[in-house]
Amino acid sequence: MTTVEHSPALAPLRQARERFLNDRPLPDDVPDEVLAAWRRARFFGVRHDLDGPVHDPELPAYSALLEAARPVLERIAPALGHSAMLLTDERLRVLWTTGEVPGDDRCRDLSEREVGHNSAALALRTRLRAEVHGPEHFLDVWQDVSAVSVPLLAPDSGQVLGTVTVASALCAGCGPHPGAALAEAAATAVEAELLARSRTAERVLLDAYTRAAAHSSGRAVVALDGRNRLVSEAAVRLATPQVLAALERSSTSERASGARPPHDSRPPQDTGCGPVVERSNGAGGGSNRKRPADAGGGPALERSHDARSGPNRKRSADAGDGPVVELSHDTGCTPLQEQPYDLTLPDGAGCAATITPVRHEGRVLGIVAVLEARVAEVPVPRLVPRPALALAGGSVPWRHAVARAVELARVPEPLLLTGERGSGKTALARELLGEREPLVADAAESPELGVKYSELADGRPLLLRHAERLAQPDVAALNSLLDEHPDVYLLVTYTPGTPPGPCFQRLLDTLAARSVTLPALRERPEDVRELLPVLAPRPTPGQPPLTWTLDALRALEEHPWPGNVTELAHVVRALAEHRRVTGPVRRAELPDPVRERPAARRLSPMEHAERTAILAALRRHGGNKARAAAALGIGRATLYRKLRGYQGIS
């Protein structure tokens, strides 16, 4: 290592940074990534001299990452020498440090919105090891610092949980950082510890589920821990999406408030909700730590427990309707028994739930819920609920798209729904949100969003409609938001059209990994019959529902529906509101474009326009081909030839 005065390789970059800060022209050899990072820092309003109060982020009451990483990092700390090591979570909040932090150790939030370019933010964004040296940083206090960061990935899902950083005095040149191998080793050891703890937690939850299901063969039992979900066959009939959402909220609440076992005897002053950030006073010895009083639990990623796979499978003899699950013969200590309590479920849930928290080693891992069907005291006649429009349809393309969207929506992260106009993107997005009320922004109504990240910080989702109409500044803001907070709860609907620009294409590329393309209605004509009763307005009392003749149904199924489900909905509602006859809807009552049989072959845009003009002329002249030909300026023979070419015109 050398000091800044002895780093000639960084001298041009240091001069370029000074010119940037003084708004002077820059040389052409500044790396694009570094220049973009400086510009983002200026866009976010970061002060390079840290003038003003330092942001102190609100830390979680409990961090499963810190709980797993702390003993690992404390074992590694003696090898640091004169360097420092930092642990951040997925929001780049500093949870733990040891050693002497070069520069300024007041920065407890390493997000680019707060401190500009740094290795932890770069590693989080790229999911790769990242190094930042001296003048590549935006802050003055880090001009003599070199840092290397490695992302920490969840062992089961690959989700980024945080970073491990080794910081030292400025290295000669620009890399590799001498602490890179140590940072990699630390990250690998932390991920191994997370995997071991994850498997232990799964076994504990499974044991609690098995014991609850063993009381009777038909008991409806659900076990959840925020990552796994075990549901017995009897519970499948009662656990609607609304019920499961309520149980998930209860599980999250229990994990956030149940760090200490009931018999915990710590003094009262140590039971408050202190932050989890820890500062070690020595490289390897004791530490002066603020102990957490709350224990949230584990990664937030939900995944279904697939009980049918795995080498060590066994069906519990007394688990009743429980699924086939992988059992471990060594589950460690037995979870503490909690006092069950009743959970208030949404109105119309049709069942009641009794909750028992599951504890292990002094913290709540999740809950076990026993569901019981609720019998209505007074039978009240009610309309049969219709299926949700977004879920109507049994065709393979539609069910595949919906299943994929439901699977992705289990994790509250960005989700892109792509499809033609009217294909049901917004309806599906609202169905995926369930009872959660989102912030809604429609770029078709106002290209400027006006949504701040602070409004999303509490986990409230944002539904962004018509992303293709976003103004350029909002596209750039969204890109920056996803760079800083890749797990923000964002649902985006997008209708492809004109080729996107570079900035918008980058947004699409970022969302591509979690995207679903909805099929057009013409690609699933068999769904038309299922959509008709859902789209039709409810009949007034005493009136029969809207029905259709087979010929009318065939016409509806054969029509290409360029406006997709939205266009079909307009046709159905117009017929229901303006019909003056009774009985099933006949083909003759349908709009002309729908009533006419489509061409037998795929037409070019020019042929389609010509066919439309011929149909319009025939309608204007009552089907008289001679008059229609004269109106079009063509001979009758030409008209007959074109009619034969466009089969389906009678």
Side-chain angles (χ1 to χ4, degrees), residues 154 156-159 222 224 226-233 235-248 300-310 323-325 385-436 438 461 463-465 487 489-496 508 511-535 561 564-566 568:
D156 52 354
S157 65
Q159 181 183 10
V222 180
L224 315 96
R227 298 170 56 253
N228 304 286
R229 180 185 291 174
L230 305 176
V231 184
S232 68
E233 288 184 21
V236 170
R237 297 187 291 270
L238 298 175
T240 63
Q242 292 76 16
V243 170
L244 290 175
L247 295 179
E248 288 287 5
L301 177 67
E302 172 195 316
R303 62 182 181 85
S304 297
H305 187 97
D306 186 355
R308 293 171 291 182
S309 60
V324 179
V325 288
R386 303 182 180 189
L389 172 61
L391 303 180
S395 63
V396 173
W398 181 249
R399 299 314 303 170
H400 175 76
V402 170
R404 174 63 175 160
V406 170
E407 178 185 358
L408 292 175
R410 289 176 176 170
V411 183
E413 292 182 359
L415 175 60
L416 175 65
L417 298 178
T418 304
E420 296 181 3
R421 60 184 177 90
S423 56
K425 302 183 291 295
T426 300
L428 180 57
R430 291 189 178 279
E431 190 67 27
L432 295 175
L433 290 171
E435 295 183 344
R436 288 163 292 198
L463 173 56
L464 172 59
R465 302 183 61 205
D487 59 346
Y489 200 176
L490 174 66
L491 277 77
V492 180
T493 69
Y494 167 62
T495 302
L508 295 178
L511 299 172
R514 290 177 51 80
S515 64
V516 177
T517 300
L518 303 188
L521 186 55
R522 64 178 175 277
E523 298 171 359
R524 52 184 188 109
E526 59 269 38
D527 290 343
V528 170
R529 300 195 184 197
E530 292 189 41
L531 288 168
L532 291 176
V534 181
L535 296 173
W561 298 110
N564 292 290
V565 179
T566 300
L568 176 61

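Considering all non-hydrogen atoms of both residues, Arg399 and Gly393 come closest at CD-O, 2.8 Å. The minimum heavy-atom distance linking Leu238 with Val243 is given by the pair O-CG2, 3.9 Å. When all heavy atoms of Leu463 and Ala429 are compared, the closest pair comes out as CD1-CB, 3.7 Å. Between Ala405 and Leu415, the closest heavy-atom pair is O-CD2, 4.2 Å. Scanning both residues, Leu521 and Val565, for their nearest heavy atoms gives CD2-N, 4.2 Å. Heavy-atom minimum distance, Lys425 versus Gly422: NZ-N, 4.4 Å.
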task: Would you please test Leu568 and Leu532 for side-chain contact (heavy atoms from CB on, under 4.5 Å) and show each step?
output: CA-CA 8 Å; Leu568 176 61; Leu532 291 176; 4.1 Å; yes
Checklist entry - Do Val411 and Arg514 pass the side-chain contact (heavy atoms from CB on, under 4.5 Å) test, and can you show the C-alpha distance, the side-chain angles, and the key distance before you say yes or no? => result CA-CA 10 Å; Val411 183; Arg514 290 177 51 80; 4.3 Å; yes
Start with the C-alpha distance between Arg421 and Thr566, add both sets of side-chain angles, then the distance that settles side-chain contact (heavy atoms from CB on, under 4.5 Å), and finish with yes or no. CA-CA 8 Å; Arg421 60 184 177 90; Thr566 300; over 6 Å; no
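Residues Glu431 and Val402 fail the side-chain proximity criterion, which asks for heavy atoms closer than 4.5 Å.
Here Thr517 contributes atom OG1 and Glu420 contributes atom CD; the two are 11.0 Å apart, rounded to the nearest 0.5 Å. Note that CD of Glu526 is 10.5 Å distant from CG of Leu531, once rounded to the nearest 0.5 Å. Expressed to the nearest 0.5 Å, how far CG of Leu464 lies from OG1 of Thr493 amounts to 6.5 Å. The CG atom of Leu244 sits 4.5 Å away from the CZ atom of Arg229 when rounded to the nearest 0.5 Å. Leu408 contributes atom CG, which lies 9.0 Å from atom CG of Leu432 (distance to the nearest 0.5 angstrom). Atom OG1 of Thr418 is separated from atom CG of Leu508 by 7.5 Å, given to the nearest 0.5 angstrom.
For Arg524, the side chain to side chain donor-acceptor pair (under 3.5 Å) criterion is met by Asp527, not counting sequence neighbours. In this structure Glu407 satisfies the salt bridge (charged side-chain N to carboxylate O under 4.0 Å, His left out) test together with Arg404, sequence neighbours excluded.
Under a 3.5 Å cut-off, the side chain of Glu523 and the backbone N or O of Pro397 do not form any donor-acceptor pair.
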